[in-house]
Amino acid sequence: MEEDLMPDSFDSFVENLQQRIFDETREAFGEAGFQRWRNPLYRGPLDAPDSHARVKGTCGDTMQIFLKLENDRVCEAAYLTDGCGSSTICGSFAAEMAIGKNPDELMEITGEAILERIGRFPEEDRHCAFLAAETLQEALSRYMVKTVKNV
Ligand code: FES
């Protein structure tokens, strides 16, 4: 009888724990951030990108952004990070926001813009959005340098 009870109680322990983590994450990042944490879209790398940048933040984490452009607009974007859940959410939104943009529009993707897009973000992790934006801007500037050299 006890054997039958064990898996059940363990399962419900895990379920409760998972629910608590989900509730806390939703509370910290809002619904958009929570959904992205569960399903981090645009995770890289991208093969043969037109530009790629890797920036290490002051926290020690690394962010990478990959861009492919067609007719001077981003047709594919992806991120990679070895950082926390917050940097994953920010990298994913930075990549999403880059898609369809031309270089002028890409310049408008700042850390503040990423935070605004997510909607809610823990104060202590806001630097993750600035790292994602800085990496995106670095990828853009590399693309611009390459483009100018090829003219
Ligand atoms: Fe370092 Fe998020 S990027 S803590």
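Both ligands and their constituent atoms are indexed starting at 1 by order of listing.
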Under 4.0 Å, counting heavy atoms only: does Ser86 come that close to any atom of ligand 1?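 False for this residue.
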Is the distance between atom 1 (Fe) of ligand 1 and the nearest N/O/S atom of Asp125 smaller than 2.8 Å?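 Here the distance criterion (N, O or S atom, under 2.8 Å) is not met by Asp125, so no.
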Using a distance threshold of 2.8 Å, state whether an N, O or S atom of Cys59 lies below it from atom 1 (Fe) of ligand 1.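 True for Cys59.
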Parallel, tilted or perpendicular: rings of Phe22 and Phe34 (30°, 60°):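 Plane angle over 60°, so perpendicular.
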Taking only heavy atoms of [X], which atoms of ligand 1 are found under 4.0 Å from at least one of them?
| X | value |
| --- | --- |
| Cys84 | 2 (Fe), 4 (S) |
| Ser87 | 2 (Fe), 3 (S) |
| Leu131 | 3 (S) |

When you measure from atom 2 (Fe) of ligand 1 to every protein heavy atom, which one gives the shortest distance, and what is it?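 Here the closest protein heavy atom is Cys128 SG, 2.3 Å.
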Have Asn39 and Gln35 got a donor and an acceptor in their side chains that come within less than 3.5 Å?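 No, no side-chain donor-acceptor contact under 3.5 Å.
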May I ask you to decide if Met97's main-chain N or O and Arg117's side chain share a donor-acceptor pair within less than 3.5 Å?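 Not a single qualifying donor-acceptor pair exists.
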Indicate yes or no: at least one non-hydrogen side-chain atom of His52 is less than 4.5 angstrom from one of Arg142.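 In short, these two side chains do not touch, never coming nearer than 4.5 Å.
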Which one holds for His127 and ligand 1: side chain close, backbone close, both close, or neither close, with close meaning a heavy atom under 4.0 Å?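 For His127, only side-chain atoms sit under 4.0 Å from ligand 1.
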Arg36 to Phe29, cation-pi by 6.0 Å centre distance and 45° axis angle: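 Not flagged: Arg36 not positioned over aromatic ring of Phe29.
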Calculate, to the nearest 0.5 Å, the distance between atoms CD1 and CZ belonging to Ile114 and Phe93 respectively.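 The CZ atom of Phe93 is 10.0 Å from CD1 of Ile114, to the nearest 0.5 Å.
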Hey, which N, O or S atom on Asp61 ends up closest to atom 1 (Fe) of ligand 1?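 Going through the N, O and S atoms of Asp61 one by one, OD2 ends up nearest to atom 1 (Fe) of ligand 1.
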Identify whether the distance between the nearest side-chain nitrogen and carboxylate oxygen of Arg20 and Glu15 falls below 4.0 Å.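 Salt bridge between Arg20 and Glu15, a charged N being under 4.0 Å from a carboxylate O: no.
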